[in-house]
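Values below: every heavy atom of this structure, side chains too, minus hydrogens, waters and symmetry copies. From a predicted model like this one, the values you see are computed outputs, not experimental measurements.
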Amino acid sequence: MTKNSSAPAIAVEDLWQVFGPNATAALRDARGAGSPQATAEALENKGLIPAVRDARFEVRSGELFVIMGLSGSGKSTLVRCISLLVTPTAGAVRIDGEDILQASEKRLIELRRHKLGMVFQHFGLFPHMSVADNVGFPLKMQGAGKAERRKRAMEVIELVGLEGREDAYPRELSGGQRQRVGIARSLAVNPDIWFLDEPFSALDPLIRRQLQDEFLHIQATLKKSIVFITHDITEALKLADRIAIMKDGEIVQIGTPEEIVLRPVNDYVAEFSKDVAKGRHARVESVMLRDLPTHMPDDPGLRIGMTLDTALAKCMSLYEPVPVRDGTGTVVGAVQPADLAAALQVDEG
Amino acid sequence: MSLSLTRGAQAALLVLAVAVITRLLGGQMAWLVGWPEALTVPMTEWVGAAVGSFLSVFKPIARFFSLLLSYPMTWIGALLGYAPWPLVLGGVTALGWMIGGLRLAALGFFGLGFVVLSGYWAESMNTLALVVVSVPLALVTGAAIGILAYEYPRLKGPVQALLDIMQTVPTFAYLTPLLVLFGFGPVVGLIASAIYAAPPMARNVLLGLERVEHEIREAAVMSGGTRRQQLFLVELPAATTQIMVGINQSLMAALSMVIIAAVIGGFDDIGWEVLLTMRKALFGQSFLAGLVIVVFAVVIDRMSGALALQRPAQDRRVAWAMLAAGLAVSGWALAAGWNPDGVAAFDGVADRVDDAVGRFTATNGAALDAVKNNAMFYGLLPLRIGLADAVLPFTWGFSWTAKHGAIFYGATAAIAGFLVWRGHLTAGLVIGVLAIMLETGISQLPWPVVIVGAGALGWVSGGWKLTRLVVILLGLILISGLWERALLSLYLSGASVVACAILGGALGLWGAVSETAWRVLRPVCDLLQTIPLFVFLIPVLMFFQIGEFSAFLAICLYAIVPMIRYTRHGLINTPEELIEAAQATGAGRWQTLFEVRAPYAAPTILLGLNQTILYAFAMLVIAALIGTTGLGQSIYLALGQADVGLGVTAGAAMAILALVADRLVQGFAEERRRALGL
Ligand SMILES: Nc1ncnc2c1ncn2[C@@H]1O[C@H](COP(=O)(O)OP(=O)(O)OP(=O)(O)O)[C@@H](O)[C@H]1O
Ligand SMILES: [Mg+2]
């Protein structure tokens with residue numbers, strides 16, 4: 001029960017999830033092969049499925065961490081390992097510094113009751129309970145009384161904008177409304193850590209955008225540590241503080257949205273962002289020089305946090321380096337207008 | 001050369017070889033035909049001794065348990081017995097209202113009203129009391145088994161095997177050991193029906209739990225529920241629909257068994273009434289009593305079936321009003337001293353039914369006899385003892401001689417040769433085997449042919465493992481001394497299954513092509529499936545008296561339903577795009593049916609056949625009441641003599657036959673499904 005306030009909210013080390021008979025022993029043997037790639041290959045040759053391979057990353061407190069990848073790349077499995085819905089075959093998962101693989105069943109239940117919340121792709125609502133009872137269910141597990149449950153449930157139901165539907169049953173709701181219930185339920189106990197497994201994938205684009213905005217709004221007030229899964233790059237770029245890209249069970253790149261867009265480590269990652277308008281997602285900082293050049297004749301008024309599109313529009317006809325200021329107006333760096341244009345054209349190049 | 005043969009052809013070749021050899025040498029070597037007496041183990045005695053001593057250990061406990069159970073039985077019996085009938089009527093109507101509104105309320109009212117007027121009120125309440133006590137027992141046990149199998153995956157395999165076996169053991173076979181264990185009396189019927197009704201509940205609970213969406217399960221985990229909370233607060237409630245189906249099936253099984261258990265006698269219930277009147281040949285009365293059972297079955301089935309459906313909430317006040325009305329009428333009935341036992345409003349009807357049947361059989365006796373005799377002499381008998389013995393001057397007009405044999409086999413060889421020449425090697429070989437079977441008769445088939453034949457079928461349908469299972473199981477029957485009886489059972493059920501397959505398949509096809517036809521067939525199928533087995537005996541007895549043909553008809557009546565249903569279901573559920581593809585290539589309606597729908601439906605139809613086989617075996621034992629030979633008769637006799645050894649062994653043999661047939665057909669269905677990529 002070590003608790004360490006400076007520790008990251010979630011730390012994943014060396015995590016493997018292998019499906020198939022005698023996975024633990026098979027993994028132990030296969031690791032003799034050396035690199036994770038070789039190990040995975042050895043496992044596959046034996047007919048086992050290495051769904052998560054040697055994953056390692058940290059989620060900082062208050063960070064919105066997105067895991068992205070194609071269908072079948074192991075995203076769900078990874079998040080289900082972290083929430084211990086499946087027991088990882090090897091590795092460690094620390095939540096606030098506590099190794100939860102070593103935790104007792106009792107401790108796990110306690111963690112889930114107070115600290116963890118989860119939203120599911122297909123909602124996972126209890127069909128026999130009303131909206132209010134669904135949302136109040138985690139509180140019931142905590143032992144809260146009926147009135148208290150109802151009160152808190154109404155609060156979160158309001159937060160997700162479902163007031164008035166609290167006595168409806170899941171089958172009477174639309175997809176978007178159902179997912180609001182799922183979100184409300186996962187928030188009922190006010191968890192510190194929030195897992196969302198493709199929460200908006202089953203919804204149509206309009207509702208999806210609306211829920212994303214509301215989600216960002218909720219997160220802005222609640223500031224939780226979040227692991228968010230999606231296979232939609234626009235969604236990832238819109239929401240994420242950092243993104244991890246998965247391929248065949250492996251995390252191939254972790255980085256901020258602009259790093260992913262501007263500096264993909266390989267073609268697989270590049271392929272994802274091919275169709276995104278980079279200028280709208282990458283910011284000036286990604287091409288900013290910290291060493292100030294001596295000669296900066298123009299000042300088109302670039303600011304930290306400005307997107308590349310906006311910045312480029314401001315220095316369309318400029319060729320000399322221009323200064324970038326922070327919120328207070330202090331010059332913190334400089335940008336070559338040519339770099340701006342180049343950054344937007346990595347693909348074509 | 002043999003390498004290029006298909007599996008089916010290899011197997012058929014082997015069987016044909018064995019059949020030919022035993023046919024040629026059987027005359028000299030009798031041991032090739034009948035299993036030698038000297039090698040028969042006295043299985044019946046052994047089992048009798050073993051089970052007997054086992055039972056005697058548990059007897060005191062059982063008797064105590066029996067005593068314990070007799071209390072709620074008596075209470076409920078007294079409660080239902082003394083409860084004024086208008087109150088019960090009002091209660092059932094109110095229940096119907098709560099479950100399904102006006103429709104079910106009306107069903108309850110008219111159903112029970114019929115029972116009141118039939119004059120069988122007291123007997124019906126005795127039956128109901130047994131059901132009311134046994135069903136909760138069955139539900140709790142069944143649910144517990146289902147939950148255990150779900151919680152401990154390692155138990156799942158064995159539990160499912162056990163449930164399979166419990167379902168194939170014939171109903172009567174349960175009764176003998178229970179009789180010895182618990183002694184005569186209603187408690188035996190109670191326990192038997194609880195045992196018989198538990199498996200459907202267990203199956204459905206397990207199925208329901210397994211079908212709960214995994215995200216719902218995981219949501220319960222992430223909410224921080226303990227395992228027990230997850231199960232009872234989330235998973236079981238989420239599986240309600242399936243569990244309700246289990247309750248419905250459980251109720252029907254219990255009712256069916258309670259009525260069968262009446263054979264033991266001594267609790268003055270409605271099943272006993274049927275049996276008694278049947279034995280006295282009072283067909284009008286037994287028909288009436290049978291109708292009461294059917295009414296009960298329909299009311300219970302429709303009401304409990306509706307539980308599994310989405311339904312609107314009903315106004316409680318109406319239900320209370322119905323109860324109050326019942327109470328008021330009770331007051332009047334009590335004051336006026338009106339007692340339904342004396343009513344027998346339908347006795348006149350019963351007499352008239354008797355008369356009518358009597359007159360009908362008198363005037364059409366010749367025709368009925370002709371139907372029966374033709375079926376017997378030209379269908380059942382040759383199947384049973386073979387053309388060589390069944391063809392007699394008295395019926396066929398000539399006797400079977402070597403010359404006829406030569407012609408018969410010559411024709412067979414010609415047909416088979418033609419088939420082989422056209423490239424249907426397996427079909428040709430199978431024709432050969434069937435011809436030998438027809439000439440010898442199923443009940444006189446040499447044992448090597450049966451064992452090798454079943455083993456070969458097993459090899460084709462499921463590989464070596466299935467062959468081993470089939471051969472070992474059949475081998476057990478062979479050495480137990482029950483072989484001849486088993487063959488007799490095989491013959492009768494085989495004949496019924498073939499008849500059901502042809503007729504049921506045709507009806508299913510008809511239902512598939514014509515919506516109108518299905519509108520007629522469907523309620524008939526529904527009704528036939530609701531009626532407890534026992535009741536099927538009444539109409540066939542009325543017209544065809546006791547005998548093998550009546551038994552055959554009763555089996556067919558009961559066992560034909562799944563064949564009709566599955567055939568239609570398979571045929572109409574072909575994926576739309578396949579049909580469109582066929583139509584795009586210019587296929588006509590019938591071409592589409594036979595070229596596209598039929599092959600696609602094959603696995604489903606095979607499953608229907610499988611159900612039909614199991615139904616036929618179940619009914620075979622009940623049909624022993626009206627005269628069949630074979631294992632069913634042994635089981636029934638064992639019950640009468642409380643002969644545990646014979647009862648259990650014959651019951652096991654029957655279960656083995658059913659199990660072997662089940663596995664073989666399932667194997668073929670599986671193979672077809674794989675071939676279609678389903
Ligand atoms: N319980 C299991 N047993 C065996 N294999 C599994 C199991 N769960 C997942 N897998 C396999 O692991 C791989 C990763 O699956 P996972 O569900 O994590 O993918 P995903 O990235 O979430 O895909 P999607 O976007 O479709 O949800 C897949 O190949 C899948 O078949
Ligand atoms: Mg997934």
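- No more than 12 heavy atoms of other residues, nucleotides or ligands shown are found within 6.0 angstrom of CZ on B:R522.
- Contacts of A:I109 with chain B are made by both backbone and side-chain atoms, with heavy-atom separations under 4.5 Å.
- Heavy atoms from other residues, nucleotides or ligands lying under 6.0 Å from CZ of B:R316 number 12 at most.
- Judged by distance alone, with hydrogens and angles left aside, the side-chain atoms of A:R113 form a donor-acceptor pair with the main-chain N or O of B:G224 at under 3.5 Å.
- Interface residue A:F123: only backbone heavy atoms are found under 4.5 Å from chain B.
- Contact check for B:M222 versus A:S83: side-chain heavy atoms found under the 4.5 Å cut-off.
- Side-chain contact between B:Q229 and A:K140 is absent, with no heavy-atom pair separated by less than 4.5 Å.
- In this structure, chain A has heavy atoms under 4.5 Å from both the backbone and the side chain of B:T226.
- Surrounding CG of A:D204 are more than 12 heavy atoms belonging to other residues, nucleotides or ligands, all under 6.0 Å away.
- Heavy atoms from other residues, nucleotides or ligands lying under 6.0 Å from CZ of A:R171 number more than 12.
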With side-chain contact (heavy atoms from CB on, under 4.5 Å) as the criterion, how do B:L233 and A:F137 come out once you've worked through the C-alpha distance, each side chain's angles and the decisive distance to 0.1 Å?
CA-CA 9 Å; B:L233 296 180; A:F137 187 77; 4.0 Å; yes

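- In this structure, the portions of A:Q121 lying under 4.5 Å from any heavy atom of chain B include both its backbone and its side chain.
- Residue A:H122 touches chain B through both its backbone and its side chain, counting heavy-atom pairs closer than 4.5 Å.
- The neighbour count for A:H114 NE2, taken as heavy atoms of other residues, nucleotides or ligands under 6.0 Å away, is above 12.
- Between B:I216 and A:P127, the closest side-chain pair of non-hydrogen atoms falls below 4.5 Å.
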